[in-house]
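Quick notes on the structure that follows.
What you see below is based on every heavy atom in this structure, not just the backbone, and it leaves out hydrogens, waters and symmetry mates. Everything numeric here is computed off the predicted structure, so don't read it as measured data. Proteins come first, then strands; the chains are lettered A, B, ... in the order of their sequence lines, and each starts at number 1.
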Amino acid sequence: MMESKAVPSKRSAIRSDVLQQALAFASLIVMFVVFSLASPNFATFTNIVGILLSTAVIGILAVGVTFVIITGGIDLSVGTVMTLASVITGVIISYWGLPIPAGVLGGLAAGALCGFVNGTVTAKMKVPPFIATLGMMMMSQGLSLVISGTRPIYFLGTPSFRQIAMGSLAGIPNAVWIFFASAVIGSLVLTKTVLGRYTFALGSNEEATRLSGINVDRWKIAVYTLCGLYSGLAGVVMASRLNSAQPALGAGYELEAIAAVVIGGTSLSGGEGSVLGTVIGAFLMSVLINGLRILSIPQEWQKVVIGAIVIVAVYADIARRRRR
Amino acid sequence: MSPTLVSMEGIDKAFPGVQALDGCRFELLAGEVHALVGENGAGKSTLMKVLTGVYRKDAGRIVYQGQEVDIPNPRAAWEMGIGIIHQELNLIPHLTVAQNIFIGREPRRWPRFLLDEKELNERAQRLLESVNLDVDPRARVADLTIAKQQLVEIAKALSYNSQVLIMDEPTSALSDAEIQELFRIIRELKAKGVGIVYISHRMDEIKQICDRVTVMRDGRTIGTVNAQEVSVDQIVSMMVGREIYATAQPAPNEGASEVVLEVRSLSRGRAFQDVSFSLRKGEILGFAGLMGAGRTEVARAVFGADPIDSGEIYVNGKRVEIKSPADAVRLGIGYLPEDRKRHGLMLDLDVEANTIVATLQRYAAALGWVQKSKARREVQAYVEQLGVKTPGLEQRVRYLSGGNQQKVVLAKWLAKNCDILIFDEPTRGIDVGAKGEIYKLLNDLTVRQGKSVIMISSELPEILRMSHRIIVMCEGRITGELVAHEATEEAIMRLATLRPTPRAVV
């Protein structure tokens with residue numbers, strides 16, 4: 001007797017990024033419940049505000065880098081570009097004595113400019129994004145130190161600058177509201193606009209996009225510039241929160257941002273992903289760190305756990321695809 | 001007489017080292033289905049890429065709807081109404097059908113950067129209905145079958161009001177029913193006065209659907225004939241063109257020696273199905289077929305480089321499981337890949353390192369220390385035996401000629417005592433003089449050393465000259481087996497373009 005051949009497997013009706021996102025969300029809930037049961041100090045208003053606040057900066061960076069990763073690229077410079085943006089903001093406000101809005105705009109513009117350079121080097125000069133943004137990571141790190149003279153810049157003369165991030169609405173710090181707003185806007189751009197559509201198209205099949213008559217280089221530059229703009233925003237929020245621009249900070253943030261994106265179901269090979277997933281991914285990491293801290297697990301172990309989570313998240317994604 | 005839509009004259013196009021098109025001409029009438037045929041590399045796709053702005057022509061004239069035109073990029077071609085459906089479909093898998101059809105021309109809402117998804121889907125729906133395509137505009141392209149994707153490509157082309165539609169091997173992934181559906185749509189378009197260029201290897205389809213046939217060979221237009229007035233054989237001989245090579249060859253073993261490798265009903269997904277053949281000791285078994293016929297895929301599967309879905313492999317009469325190249329090598333099977341530079345060699349390592357990479361353990365002393373002098377002696381022996389021309393064993397293989405690189409790959413497998421050697425396009429990219437040497441080597445290996453060789457080649461004279469038996473594949477199936485002295489280029493070509501029919505129930 002011949003055994004019947006396996007019928008071609010039915011295509012899964014659920015997209016893998018959506019599934020991954022649901023998984024991340026479920027993990028988030030489970031973690032929340034577990035930590036709440038484990039410690040009475042976890043599910044308090046103060047602690048939750050703390051979690052939200054600690055997610056804000058990484059979250060803003062992660063929303064920006066989500067776009068780049070959906071195009072199939074990578075941006076390693078977001079952390080140090082963020083720092084450069086906060087230094088520029090500090091220089092404009094504290095050294096030049098210009099008004100706060102000028103400093104904020106300067107910070108945003110610095111971020112966008114770095115992103116524009118990343119995009120141009122990648123799209124026009126065909127330097128792989130890993131290298132282009134690695135170079136930008138180092139350059140912006142160096143520039144931050146050069147411009148600031150390796151010293152922190154304090155916003156002593158402008159107490160209201162601190163309100164940008166630390167003022168609050170409904171008991172929740174502005175930094176968190178800024179993060180939410182930037183995520184909502186990011187999500188709308190990704191799903192409702194031309195830029196968003198081409199972000200997916202580039203990551204899904206760049207050659208087909210080109211053959212459809214789309215100016216691939218221009219849109220790629222736009223995506224990196226947008227990512228840079230988000231880094232600039234994160235820089236302003238960071239400076240405001242610390243009430244100072246810390247030129248030595250920032251390295252390592254890019255990897256946490258990328259980790260958030262990946263945990264949230266955005267594929268590193270491009271073509272799929274969502275801002276909501278990224279937000280969930282960023283929270284998942286914050287909740288985990290916060291919970292471990294509350295359970296008095298030494299800080300050194302937090303990175304170990306986060307690292308493992310990233311690997312598990314990506315493996316879950318790969319395993320599901322392979323079974324397809 | 002229908003008006004002329006497109007007329008191309010004296011088209012030249014050169015790529016570094018190759019004159020891809022040499023004074024080509026081509027003419028397309030309104031409401032005509034015009035087949036463009038030729039062997040692999042004849043220039044069909046290149047000519048159509050010139051017409052659609054993917055490549056710029058070096059010389060020549062293109063007249064479109066009565067006016068001489070310049071087509072600088074794909075966008076310009078689309079907007080002029082010249083659409084192409086590439087063989088490898090050019091859709092964006094993660095986007096929906098509607099999003100793919102209107103990419104680059106998405107309907108917008110106020111403010112200008114917002115997309116109007118509703119309008120997009122409605123327009124796509126109307127378009128799909130107008131050509132009777134049963135596809136949901138909101139479905140993701142990645143979730144559609146290849147046939148449906150093809151129909152989406154057609155809809156995309158029609159959305160530009162294309163007057164010219166070029167289809168490059170449109171049926172290569174379709175079932176018979178799907179092909180009939182495609183033909184129905186082609187006939188409808190034809191009735192509306194659209195001119196269709198139909199690039200295909202399948203003579204039966206050309207006979208069914210096409211009005212005229214233009215044959216290309218070696219970058220030149222050989223001629224244009226009416227499809228109904230000529231026979232398939234006439235078309236094939238126009239495609240092949242060359243004088244038949246003298247098929248003289250050493251043929252010492254006609255079914256006399258024992259079978260060293262037998263493959264039964266090997267299948268792997270879409271790549272190939274139900275492939276069975278046997279290889280005898282001292283034999284050269286040729287594998288002929290067109291590009292994409294599945295020959296390389298079969299070789300890779302036998303070598304364990306790709307997994308198989310079903311089938312059995314026997315080596316020296318014993319059933320074996322080959323799950324990885326390591327298994328194959330242990331059984332004495334060596335594979336010399338088509339793309340030596342990518343899959344066969346470590347270009348920046350030297351001759352010695354490349355030769356002993358598969359046998360390194362043999363020269364290892366305690367703690368994995370490599371005994372250089374012992375390795376060196378053996379490598380030197382192979383270099384001399386195979387006549388590798390190299391200044392020394394320290395020469396990086398990158399700087400060797402193609403023929404000598406091929407010999408280094410061969411030395412690697414001989415060092416490993418492989419008795420079954422699979423050569424994938426052994427003379428591709430090798431100059432004529434060195435080809436002769438490779439042929440001599442092949443004969444030497446089989447006749448003197450009793451090795452058995454599978455030779456995949458797209459060059460018909462080579463297959464005819466070198467093989468004892470020839471297996472012809474088309475679209476993942478074996479369509480015929482020929483004994484070398486009975487084989488002709490025409491016979492191979494006919495089998496290589498034969499649409500495999502489902503095997504009758506025995």
Minimal non-hydrogen separation, B:Ile103 against A:Ala201, with atom names = CD1-CB, 3.9 Å
Heavy-atom check, side chain of B:Arg140 versus side chain of A:Glu272, under 4.5 Å = yes
Are there more than 12 heavy atoms of other residues, nucleotides or ligands under 6.0 Å from atom NZ of B:Lys118?
-> no
Hey, does B:Phe102 have a side-chain heavy atom less than 4.5 Å from the side chain of A:Arg197?
-> no
Tell me, for B:Leu114 versus chain A, whether the close heavy atoms (under 4.5 Å) come from the side chain, the backbone, both or neither.
-> both
Between A:Tyr198 and B:Glu106 the two heavy atoms that sit nearest each other are OH-OE1, 2.7 Å
Please check if atom CG in B:Asp348 has more than 12 non-hydrogen atoms from other residues, nucleotides or ligands closer than 6.0 Å.
-> yes
How long is the gap from OG1 on A:Thr193 to CZ on B:Arg112, to the nearest 0.5 Å?
-> 12.5 Å
To the nearest 0.5 Å, atom CG of B:Asn90 lies from atom CG of A:Asn205 at 6.0 Å
Could you tell me the separation between the CG atom of B:Asn73 and the CG atom of A:Asn215, rounded to the nearest 0.5 Å?
-> 10.0 Å
Checking B:Ile101 against chain A: side chain, backbone, both or neither under 4.5 Å from a heavy atom?
-> neither
Got more than 12 heavy atoms from elsewhere within 6.0 Å of OH, B:Tyr314?
-> yes
A:Leu195 and B:Phe113: side-chain contact (heavy atoms from CB on, under 4.5 Å), yes or no, with the steps?
-> CA-CA 8 Å; A:Leu195 176 63; B:Phe113 54 83; over 6 Å; no
Considering only heavy atoms and a distance below 4.5 Å, find which of A:Gly203, A:Ala208, A:Gly196, A:Gly270 pairs most often with chain B.
-> A:Ala208
Would the number of heavy atoms belonging to other residues, nucleotides or ligands and lying under 6.0 Å from CZ of A:Phe25 be above 12?
-> no
Distance in Å, A:Ile214 CD1 paired with B:Arg75 CZ, rounded so as to fall on 0.5 Å steps = 7.0 Å
